[in-house]
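Heads up: the structure comes next, in structure tokens.
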Amino acid sequence: MTSPQGGKRILLLSWEYPPVLVGGLGRHVHALATSLAAAGHTVTVATRHGNHPDGTPAALDETVDGVRIVRAPQDAPLLDFDTTTLLPWTMAFNHALTRAALRATRTQEFDVVHAHDWLVTHAAVTLKHHLDVPLVATVHSTEAGRHLGWLPDQVSKDIHAIEWWLTYEARAVIACSEYMRWEINHLFDPPDGKIQVVPNGVDRASFTHAPGATDHIRDEYADGPILLHAGRLVHEKGVQDLIEATVFLVDRHPGLTVLIAGEGPWESELKRQAVELGLDKTVRFLGFVGGAQLPALLAAADCFTIPSRYEPFGMVALEAVAAGTVVVAADAGGLTEFIIDGETGMTHRPGDPASLADAVSTVLEQPDLAQRLRDNASDMISRHYDWGPIASQTADVYEQAEVDEQTVAADVAARQLQPDIPEGNLFEPRA
């Protein structure tokens, strides 16, 4: 079934979408939604409500860049989003998200529901069965992976169970890397062929910067080279290893400044670490950086680091490349599939500050190598990580999910209607 224009009618579910951005997931869903709409599909995003950067509330129902966005006001307004209330918050959010999505169904029909991560599972499963359409799920990361292979408490075990439920209910599961395909298979054991790898992408145009846009950043922060990290401040991102690596780097590179952009529960611990190591003047915490500020910040850096101990993909690495910055990345997870040591960037051993420092120094001390890495990485993203082809691959997953859904429905119907047949050959001549 298709829309009158010939494209799919798609309902995307995400717990973050502009102006609500927490990490890379929101940027992924936004880029996917607008690229699908540009390709002729009818796209609706159901997400949570939030405010624009200027404090004004986002509309509950609007169309932006060809995408209809329906937003769910927060249920239980006194319930904060933190580790102690995460599951109750998620349940309240899913009730509100389901109502917002059903509001959209009053005026349009859908061919497929596409859920992004476990936080929207309850709404996704409800809508799949209510609308009688296939469910596609993208697993951006897993709870076990975020805890480096184990489930430390009951909350984590509950999240793991919900992740399994999402992959079970989905007709197709999308993984952002071959590494994530392996992880999903290892953790949830879905049927063969259920997981399709569709990578993250980058919109190069969004990460270009006006001439001179980086000058004020260098004037404000730099007496020497700038080392940058941007991302959510959680333990698995390895920012603690970057701070420890700075101890090795400050003597090698006079005037070095390390800029850390992002927010998260690990922030106070990281700031404490920097002070204890005597690096509070060298390591600067910028808080959340978004909009036009992020491309300029990326372009101003001499080197971008992504020292993750666990990384399903690492979309911000693509964004750094698009801004023209050399990437130094941990040899971890999905990063290894596009940051190739000495070819498209430099890599280091995860959790090894000395190895990280050596990789950064190689970039800062060898400008010819740095330029070659920039050129190779730029060519790589042009060939493999453009959102147009990625949206097309995603639409192919929707198409196959519909075919598979129809096949399963026909098989179930046939088994339900099959008459009781006596044993033996009914057409054998009787004696």
Side-chain angles (χ1 to χ4, degrees), residues 1-3 5 7-17 25-26 28-37 39-48 61 63 66-72 90-91 93-140 162-176 184 188 190-191 194-196 198 390-409 412:
M1 186 181 297
T2 58
S3 68
Q5 296 78 22
K8 296 295 178 189
R9 299 172 296 188
I10 305 158
L11 176 60
L12 297 174
L13 305 178
S14 177
W15 79 290
E16 54 173 299
Y17 192 87
L25 187 150
H28 169 103
V29 177
H30 176 258
L32 176 62
T34 54
S35 298
L36 286 167
H41 303 284
T42 302
V43 183
T44 299
V45 176
T47 187
R48 65 177 168 134
D61 194 335
T63 299
V67 176
R68 183 183 181 186
I69 310 162
V70 291
R71 297 187 174 92
T90 302
M91 288 301 299
F93 164 62
N94 273 263
H95 281 290
L97 186 67
T98 301
R99 295 197 302 271
L102 290 175
R103 188 171 73 241
T105 66
R106 298 172 187 168
T107 55
Q108 63 186 115
E109 296 180 344
F110 295 102
D111 302 317
V112 63
V113 174
H114 186 175
H116 289 266
D117 259 0
W118 74 272
L119 284 146
V120 299
T121 298
H122 296 80
V125 173
T126 299
L127 291 163
K128 163 197 167 177
H129 291 289
H130 179 78
L131 301 176
D132 196 23
V133 298
L135 170 63
V136 173
T138 295
V139 178
H140 293 266
I162 296 170
E163 290 170 342
W164 175 87
W165 183 33
L166 178 61
T167 63
Y168 173 80
E169 289 280 355
R171 185 59 59 203
V173 175
I174 294 176
C176 57
I184 296 166
F188 306 126
K194 193 171 193 178
I195 304 173
Q196 303 298 319
V198 180
I390 290 168
S392 179
Q393 292 176 55
T394 306
D396 289 344
V397 175
Y398 298 154
E399 180 71 28
Q400 188 60 50
E402 287 189 272
V403 172
D404 292 345
E405 188 82 6
Q406 292 165 2
T407 300
V408 170
V412 170

Nearest 0.5 Å, what's the [atom1]-[atom2] distance between [X] and [Y]?
{"X": "Thr167", "Y": "Phe188", "atom1": "OG1", "atom2": "CZ", "result": "5.5 Å"}
{"X": "Leu12", "Y": "Thr44", "atom1": "CG", "atom2": "OG1", "result": "8.5 Å"}
{"X": "Thr98", "Y": "His130", "atom1": "OG1", "atom2": "NE2", "result": "10.0 Å"}
{"X": "Leu97", "Y": "Trp15", "atom1": "CG", "atom2": "CH2", "result": "13.0 Å"}
{"X": "Leu131", "Y": "Asp111", "atom1": "CG", "atom2": "CG", "result": "10.5 Å"}
{"X": "Asp117", "Y": "Glu16", "atom1": "CG", "atom2": "CD", "result": "9.0 Å"}

Check whether any side-chain heavy atom of [X] sits under 4.5 Å from a side-chain heavy atom of [Y], and report yes or no.
{"X": "Val403", "Y": "Gln400", "value": "yes"}
{"X": "Val120", "Y": "Phe93", "value": "yes"}
{"X": "Trp165", "Y": "His122", "value": "yes"}
{"X": "Leu135", "Y": "Leu166", "value": "yes"}
{"X": "Leu25", "Y": "Ser14", "value": "yes"}
{"X": "Ile184", "Y": "Glu163", "value": "no"}

Nearest heavy-atom pair of [X] and [Y]: which atoms, and what distance?
{"X": "Ala172", "Y": "Ala401", "answer": "CB-CB, 4.4 Å"}
{"X": "Ala33", "Y": "Val67", "answer": "O-CG2, 3.5 Å"}
{"X": "Ala170", "Y": "Lys194", "answer": "O-CE, 2.6 Å"}
{"X": "Ile195", "Y": "Pro190", "answer": "CD1-CG, 3.7 Å"}
{"X": "Ala123", "Y": "Leu13", "answer": "C-CD1, 4.2 Å"}
{"X": "Ala104", "Y": "Val70", "answer": "CB-CG1, 4.2 Å"}

Next item on the list: Return each pair, listed once, that meets salt bridge (Lys or Arg N to Asp or Glu O under 4.0 Å) where at least one residue sits in residues 164-173; pairs must be two or more places apart or across chains.
Entry: Lys128-Glu169, Arg171-Glu405
With sequence neighbours excluded, residues passing side chain to side chain donor-acceptor pair (under 3.5 Å) with [X]:
{"X": "Arg68", "result": "Asp61, Thr107, Gln108"}
{"X": "Tyr398", "result": "His114"}
{"X": "Thr394", "result": "none"}

Item checked: Set of salt bridge (charged side-chain N to carboxylate O under 4.0 Å, His left out) partners for Arg99, sequence neighbours left out -> Asp75
Check: With no hydrogens and no angle check, is any side-chain donor or acceptor of Lys8 less than 3.5 Å from a backbone partner on Leu36?
Finding: no
Next item on the list: Spell out, as yes or no, whether a donor-acceptor pair under 3.5 Å connects the side chain of Asn94 to the backbone of Leu119.
Entry: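 Answer holds: yes.
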Item checked: Any residue meeting ring pair (Phe, Tyr, Trp, His ring centres under 6.0 Å) with His140, in chain and number order, not counting sequence neighbours -> His28, His116
Check: Looking at Val173, Ile174, Ile10, which one forms a side chain to side chain contact (heavy atoms under 4.5 Å, CB included) with Val136?
Finding: Ile174
